[in-house]
Amino acid sequence: MSVMQISGGEFPEPQWCIADEQTPEGVLQQALDWACGPGGSDCAMIQPKESCYLPNNVKSHASYAFNIYWQKFKNKGGSCYFNGAAMVTDLNPSKSLK
């Protein structure tokens, strides 16, 4: 994990859990369904007419749900794995959507 120096201490660089681009869409959909269901991700923002709905594709929605889950549970033992459908990045994925 990269570390950023800030006067008075060190803080970890921000990281995101995103869909692996090599994962087949069907596998991503299953992982997305789990993350938004039993996984406990709050997926309200990727519903139609909500601010994170676009781009409307499985990869983008899965990345959103995976990251919501991981940010919520990473310090409680949650992982960014989703049966191999996800990966951790230090590049802000929302910047690439603009």
Show me the side-chain donor-acceptor pairs of residues 73-81 shorter than 3.5 Å, one per line, residues at least two apart or across chains.
unit_1: K74; atom_1: NZ; unit_2: Q71; atom_2: OE1; d: 3.2

- Where do A19 and L28 come nearest, in terms of heavy atoms and distance? CB-CD2, 3.6 Å
Give the table of side-chain donor-acceptor pairs shorter than 3.5 Å for residues 37-50, with sequence neighbours excluded, one pair per line with atom names and distance.
unit_1: S41; atom_1: OG; unit_2: A35; atom_2: O; d: 3.3
unit_1: S41; atom_1: OG; unit_2: A65; atom_2: O; d: 2.9
unit_1: S41; atom_1: OG; unit_2: Y69; atom_2: N; d: 3.3
unit_1: D42; atom_1: OD1; unit_2: A44; atom_2: N; d: 3.1
unit_1: Q47; atom_1: NE2; unit_2: C43; atom_2: O; d: 3.3

- Determine which pairs satisfy ring-ring contact (aromatic ring centres under 6.0 Å, His included) with at least one residue from residues 36-57, sequence neighbours left out, and list them in order. Y53-H61
- Item | Donor-acceptor contact below 3.5 Å, side chain N67 vs main chain C17 | yes
- Query: Can you list the other members of the hydrophobic cluster that holds M87, where links are side-chain heavy atoms under 4.5 angstrom apart?
  - Reply: W16, I18
- Under the side chain to side chain donor-acceptor pair (under 3.5 Å) test, which residues partner N57, sequence neighbours left out? S60
- Task: Calculate, to the nearest 0.5 Å, the distance between atoms OH and SG belonging to Y64 and C36 respectively.
- Result: 9.0 Å
- Message: Show every side-chain hydrogen bond (donor to acceptor under 3.5 Å, both in side chains) that has at least one partner inside residues 19-30, sequence neighbours left out.
- Response: Q29-D33
- Note on the structure: Residue pairs meeting salt bridge (charged side-chain N to carboxylate O under 4.0 Å, His left out), one or both in residues 64-73, sequence neighbours left out, come to none
- Query: Is there a path of hydrophobic side-chain contacts, each under 4.5 Å between heavy atoms of I, L, V, M, F, W or Y residues, that connects V88 with F66?
  - Reply: no
